[in-house]
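Along the sequence shown, residues are numbered consecutively beginning with 1.
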Amino acid sequence: MKQKFQVTGMTCSACSATVERNVKKLEGVKEVTVNLLSNSMVVSYDEDKVNNQTIIDTVVKAGYQAALEQKNNQKKASATPNISPVEQDIKNMKFRLIFLIPLMYISMGHMFGAPLPNFLTGNENALSFALTQFLLTLPVVYVNRKYFQAGFKNLVKLHPNMDSLIAIGSSAALIYGVFAIYQIGIGLGYQDMETVHHYTMDLYFESSAMILALITLGKFLETKSKGKTSEAITKLLHLAPKTATVIRNGEEQEIPVEEVVVGDRIVIKPGQSIPVDGVIIEGSSSVDQSALTGESIPVEKNVGDKVIAASVNKMGSFHMEAQKVGDDTTLAQIIQLVEDANASKAPIAKLADKISGIFVPVVITIAVIATIVWLILGYPFEFALSIGIAVL
């Protein structure tokens, strides 16, 4: 059996590789394909050895969320909200990026000659300068907290991903900034202005926030790309009408298209969209099929001719007999083909998944080694730490 699942919580190829690896370990699973772009997973398995719930539980245990893929008619019902989840994500990311602006102005504006308030300039105000940056960093960290939650969670489970790199790098810069605040306070207490100036220039709060902002910007662009795919599928779903006029017990009844069954006699009037695939049994008309077939002009249809869901009746009226309904219609099959193509992986994507399995641990190892080497060479701890943060 082949089943498609929706998987949420993945942020990079290391995540999709982790999900794929854990599901593949289940007895009875023959093949697993996880697509990060569409947040989907297709699993081929033996029903006698494993079931859907076991697969979902395995994904959850790995630190992600999973659910069975909705059918096309369910998607049609859920495609009507004013704001889609993708649009909401984009809105949230814009909001998260705004918090960076005041911090960057305070921490780096003076490098471009931008004026700062008097209480933030000079060595005598170094503590105010540092604390202001720290307070401005906290909202950036808070609105981007999911990187820390997911990153450290996967690190503890020994499945580090890109979020783990972000969390470690940003946390290291933030902790060092707090350490620098204390050093500034000590320097001011002893009137050691050289130490005060040194640590004022090496706060790294903006580095902590910038790591989060740059990654969020990348996620913003990625989410917009995902939105184009989901938007195309949503437009296809909206082509077919939501209701159909059928003749039952000698009377015309308007019912939801999901309730149409094979054999129903359906009345199609001028200007209406055809709800399901079928054959004309009475009347004739011209039908616009351009949305599905690309034909530039309407096609004449008479008794015995087939008509397809989502095409538009132009002139006359006719009665048709439903032959294919629900997921069996031509439109539903087209949507399924688009989704299958989107869920499939190119060879380069499979290679990326293999690399991602070792990429994150290798980067963390290199960062630690780089920090230790610079310490051994006699460089100050803050310099060595900055090298490690740069690698991450």
Side-chain angles (χ1 to χ4, degrees), residues 2 4 35 37-38 40 42 69-80 84 86 224-247 252-346:
K2 181 179 283 190
K4 190 173 183 180
N35 188 287
L37 181 63
S38 61
S40 63
V42 178
E69 173 78 352
Q70 291 181 328
K71 297 295 183 182
N72 288 324
N73 55 358
Q74 293 174 312
K75 288 181 182 176
K76 192 183 296 183
S78 64
T80 53
S84 70
V86 172
K224 288 197 73 172
S225 176
K226 287 183 182 180
K228 291 179 181 179
T229 301
S230 60
E231 182 184 358
I233 294 175
T234 300
K235 286 180 178 179
L236 284 173
L237 288 169
H238 283 308
L239 285 176
K242 293 179 175 58
T243 61
T245 303
V246 300
I247 298 178
E252 289 188 8
Q253 301 177 19
E254 187 170 334
I255 63 173
V257 70
E258 292 83 7
E259 296 179 11
V260 176
V261 297
V262 174
D264 269 343
R265 187 184 183 100
I266 303 174
V267 178
I268 306 295
K269 298 176 181 177
Q272 287 185 334
S273 293
I274 297 170
V276 296
D277 290 4
V279 61
I280 296 178
I281 55 176
E282 182 182 322
S284 62
S285 183
S286 58
V287 177
D288 182 359
Q289 303 178 150
S290 59
L292 296 175
T293 65
E295 294 169 286
S296 58
I297 59 175
V299 180
E300 293 296 325
K301 298 288 185 178
N302 298 295
V303 174
D305 290 337
K306 291 186 177 182
V307 288
I308 53 180
S311 54
V312 180
N313 180 32
K314 301 299 287 185
M315 302 295 293
S317 61
F318 59 86
H319 291 190
M320 60 173 283
E321 180 183 325
Q323 292 185 329
K324 293 181 179 180
V325 300
D327 292 337
D328 294 329
T329 63
T330 302
L331 176 63
Q333 296 298 317
I334 291 174
I335 292 171
Q336 189 60 51
L337 286 171
V338 172
E339 291 181 336
D340 288 346
N342 189 46
S344 63
K345 284 187 180 180

Checklist entry - Please walk me through it: do Val325 and Val262 pass side-chain contact (heavy atoms from CB on, under 4.5 Å)? => result CA-CA 7 Å; Val325 300; Val262 174; 4.2 Å; yes
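In this model, a donor atom of one side chain and an acceptor atom of the other lie less than 3.5 Å apart for Lys301 and Gln289.
When each of Ile308, Val312, Ile274 is tested with Val287 by the rule side-chain contact (heavy atoms from CB on, under 4.5 Å), just one qualifies, namely Ile274. A side-chain contact (heavy atoms from CB on, under 4.5 Å) with Met320 holds for exactly one of Val276, Asp305, Ile281, Val303; it is Val276. If you run side-chain contact (heavy atoms from CB on, under 4.5 Å) between Asp277 and each of Leu331, Thr329, Asp328, only Thr329 comes through.
Contact between Lys314 and Pro270 at its shortest, heavy atoms only, is O-CB, 4.1 Å. Minimum heavy-atom separation, Pro241 to Pro275: CG-CA, 3.6 Å. When every heavy atom of Ser284 is checked against every heavy atom of Phe318, the shortest pair comes out as N-CB, 4.0 Å.
To the nearest 0.5 angstrom, Gln253 atom CD is 10.0 Å from Thr245 atom OG1. To the nearest 0.5 Å, the span separating CD on Glu295 from OG on Ser290 amounts to 8.5 Å. Atoms OG1 and CG, from Thr330 and Leu292 in turn, are 7.5 Å apart once rounded to the nearest 0.5 Å. Between the CD1 atom of Ile334 and the OG1 atom of Thr293 there is a distance of 9.0 Å, given to the nearest 0.5 Å.
The main-chain N or O of Lys269 is found under 3.5 Å from a side-chain atom of Asn313 such that the two form a donor-acceptor pair. No donor-acceptor distance shorter than 3.5 angstrom exists from the side chain of Glu321 to the backbone of Asp264, with no hydrogens or angles considered. Between the side chain of Lys242 and the main chain of Val257, no donor-acceptor pair closer than 3.5 Å is present.
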